[in-house]
Visitor: 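Dropping the structure in here first, questions after.
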Amino acid sequence: PKQVEKLLVDAKLIHRPVNLHADEFSAKSYDEHPPKREYLLENGFALNSCSILAAEGGTGKSFMFLDLAVKIAFGTIYQDEAFGSKIQQNGNVIYFSAEDGRPDIHERINLVDIARPPRRFKDSKYDLKIIPMPSLGVTFPLFYMKDSVLTESSNWSRIRESILEMDDVKLIILDPLSMLVHADVNADPSMGSLVMAEFNRLAVETGSSVLISHHFSKSYDVAIESAEQARMHVRGTTALVDSARNVFCIWKATESQAKKSLKAL
């Protein structure tokens with residue numbers, strides 16, 4: 001009986017019918033005190049939302065992801081920094097790595113978790129779960145096209161159910177989008193919107209921040225000097241960018257910017 005009671009208390013109501021006569025759908029149900037939005041970092045990555053990190057290949061996205069993941073799972077809030085901001089949350093983290101196997105992850109986690117002893121070995125109620133998909137024998141898609149319909153893979157369905165059973169999930173990392181979704185999200189705006197809707201749903205269901213790795217277009221040869229220019233170079237349809245809560249871009253510095261930074265260092 002106690003176990004059943006706990007399951008009922010912990011249960012999350014995800015899908016339910018819409019009753020337009022219910023008071024909750026009235027504008028009057030929104031009082032003058034909206035809930036305070038929570039963030040992973042001081043300046044970004046809101047919980048219950050999906051963000052994209054876009055950059056050229058080889059700019060260190062995976063290192064930045066792993067560094068953030070370690071600090072959210074094992075770091076010290078208001079003290080440790082990632083992406084240039086202090087972390088605001090601790091919790092469980094799930095990292096799907098579609099390009100790097102266990103040897104690569106092993107090498108990288110030693111480079112980012114440099115405390116002695118490493119943070120991941122300290123006593124903590126949270127954990128970082130890393131799924132190195134190449135080491136599983138196959139990099140399966142989370143979503144794929146079947147008979148012209150976007151379909152959730154059975155592997156992902158089972159994993160998603162496991163995630164929903166976990167408590168205090170604060171961060172889910174999907175690295176990279178191109179290998180985890182086998183659908184034309186780059187050319188078809190409707191497909192881009194559908195895929196992002198699924199990831200936004202995952203963020204709301206888990207209460208976490210879902211962070212997706214994506215690439216820049218390889219067709220540009222002009223130095224990027226503003227955020228607006230960077231936005232235009234995120235690969236694929238603008239539906240991806242428009243459907244994310246935040247899009248963080250990393251691009252190479254111009255020669256003058258690089259020299260200025262080197263001088264400051």
Side-chain angles (χ1 to χ4, degrees), residues 35-55 59-133 135 159-160 162-177 180 199-200 202-214 244-250 261 265:
K36 184 179 179 181
R37 186 174 288 278
E38 294 185 273
Y39 292 86
L40 275 186
L41 302 176
E42 191 173 11
N43 294 311
F45 298 149
L47 299 183
N48 297 285
S49 68
C50 183
S51 299
I52 292 175
L53 175 64
T59 50
K61 296 189 297 296
S62 296
F63 273 99
M64 295 179 73
F65 280 151
L66 197 54
D67 178 65
L68 173 65
V70 167
K71 288 171 179 174
I72 295 299
F74 310 115
T76 304
I77 60 173
Y78 312 128
Q79 179 176 322
D80 286 317
E81 292 189 0
F83 286 85
S85 297
K86 288 183 171 59
I87 67 169
Q88 305 290 296
Q89 305 279 341
N90 283 132
N92 290 310
V93 181
I94 300 107
Y95 182 3
F96 291 89
S97 176
E99 292 183 326
D100 301 312
R102 283 191 65 89
D104 297 309
I105 295 294
H106 199 161
E107 183 178 79
R108 290 179 178 181
I109 200 167
N110 276 327
L111 290 172
V112 300
D113 190 12
I114 58 174
R116 290 295 175 262
R119 296 170 188 237
R120 62 189 184 276
F121 298 137
K122 76 175 186 180
D123 186 23
S124 173
K125 64 178 181 178
Y126 302 120
D127 200 2
L128 163 58
K129 302 292 187 180
I130 304 172
I131 296 88
M133 298 175 78
S135 294
I159 293 171
R160 181 174 157 275
S162 295
I163 294 173
L164 293 175
E165 292 171 359
M166 294 176 65
D167 293 325
D168 297 316
V169 177
K170 298 295 184 183
L171 175 62
I172 299 172
I173 296 173
L174 306 171
D175 181 23
L177 177 66
L180 293 172
F199 291 140
N200 277 300
L202 177 65
V204 172
E205 287 177 338
T206 59
S208 68
S209 179
V210 174
L211 182 54
I212 300 170
S213 167
H214 196 41
R245 170 67 63 177
N246 301 289
V247 179
F248 292 79
C249 298
I250 304 172
S261 297
L265 288 170

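Atom set for the values below is all heavy atoms of this structure, side chains included, hydrogens, waters and symmetry mates excluded.
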Visitor: Could you tell me whether the side chain of Arg160 reaches within less than 4.5 Å of the side chain of Leu202, counting heavy atoms only?
Guide: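 They are in contact (side-chain heavy atoms under 4.5 Å apart), so the answer is yes.
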Visitor: Report yes if the side chains of Leu40 and Ile87 come closer than 4.5 Å at any heavy-atom pair, otherwise no.
Guide: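 Leu40 vs Ile87: side chains apart.
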Visitor: Where do Ala244 and Ser51 come nearest, in terms of heavy atoms and distance?
Guide: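 Smallest interatomic distance, heavy atoms only, reads CB-CA, 4.4 Å.
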Visitor: More than 12 foreign heavy atoms under 6.0 Å from CZ of Arg245: is that the case here?
Guide: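 Not more than 12 within 6.0 Å, no.
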Visitor: Take a 6.0 Å sphere around CD1 of Ile114 and say whether it holds more than 12 heavy atoms from other residues, nucleotides or ligands.
Guide: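 No, CD1 of Ile114 has 12 or fewer neighbouring heavy atoms, counting only those of other groups under 6.0 Å.
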Visitor: Could you measure the distance from the CG atom of Leu180 to the CZ atom of Phe96? Nearest 0.5 Å is fine.
Guide: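 The CG atom of Leu180 sits 8.5 Å away from the CZ atom of Phe96.
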Visitor: Are any side-chain N or O atoms of Asp113 and backbone N or O atoms of Arg119, one a donor and one an acceptor, separated by less than 3.5 Å?
Guide: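 Side chain of Asp113 to backbone of Arg119, a donor-acceptor pair under 3.5 Å: yes, one is there.
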Visitor: Specify whether Phe65 and Tyr95 have parallel, tilted or perpendicular ring planes, treating 30° as the upper limit for parallel and 60° as the lower limit for perpendicular.
Guide: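 The rings of Phe65 and Tyr95 stand perpendicular, inter-plane angle above 60°.
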Visitor: Just by distance, do the side chain of Ser135 and the backbone of Arg102 share a donor-acceptor pair under 3.5 Å?
Guide: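 Between the backbone of Arg102 and the side chain of Ser135 there is a qualifying donor-acceptor contact (under 3.5 Å).
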Visitor: Please report the interatomic distance CG(Asn48) to OG(Ser208), rounded to the nearest 0.5 Å.
Guide: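 The CG atom of Asn48 sits 7.5 Å away from the OG atom of Ser208.
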Visitor: Is there a donor-acceptor contact under 3.5 Å from the side chain of Lys122 to the main chain of Phe74?
Guide: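 Looks like yes, one N/O pair under 3.5 Å.
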Visitor: Any side-chain to backbone donor/acceptor pair from Asn90 onto Ala73? Under 3.5 Å, distance only.
Guide: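 Pair absent, no side-chain N/O of Asn90 close to backbone of Ala73.
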Visitor: If you compare all heavy atoms of Ala69 against all heavy atoms of Ile173, which two are closest, and at what distance to 0.1 Å?
Guide: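 Looking at all heavy atoms of both residues, the shortest contact is CB-CD1, 4.1 Å.
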Visitor: Is Asn92 reaching over with its side chain to a backbone N or O of Asp127, donor-acceptor style, under 3.5 angstrom?
Guide: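 Looks like yes, one N/O pair under 3.5 Å.
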Visitor: I want to check something: taking the side chain as every heavy atom from C-beta on, are Leu68 and Leu211 in contact at a cut-off of under 4.5 Å?
Guide: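 Yes, side chains in contact.
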Visitor: Okay, side chain of Gln88, backbone of Lys86: is any donor-acceptor separation there less than 3.5 Å?
Guide: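 Side chain of Gln88 to backbone of Lys86: a pair is present.
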Visitor: Go through Leu66 and Ile130 one step at a time and tell me if the side chain to side chain contact (heavy atoms under 4.5 Å, CB included) criterion holds.
Guide: CA-CA 9 Å; Leu66 197 54; Ile130 304 172; 4.1 Å; yes
Visitor: Mind listing the closest non-hydrogen atom pair of Ala98 and Pro176 along with its distance?
Guide: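 Minimum heavy-atom separation between Ala98 and Pro176: CB-CD, 3.9 Å.
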Visitor: State, yes or no, whether a side-chain contact exists between Leu177 and Ile52 at a heavy-atom distance under 4.5 Å.
Guide: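 No, their side chains stay 4.5 Å or more apart.
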Visitor: According to side chain to side chain donor-acceptor pair (under 3.5 Å), does anything in residues 68-79 pair up with another residue at least two apart or in another chain? List the pairs.
Guide: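 Every side chain to side chain donor-acceptor pair (under 3.5 Å) pair that includes a residue of residues 68-79, provided the two are not neighbours, is Asp67-Lys71.
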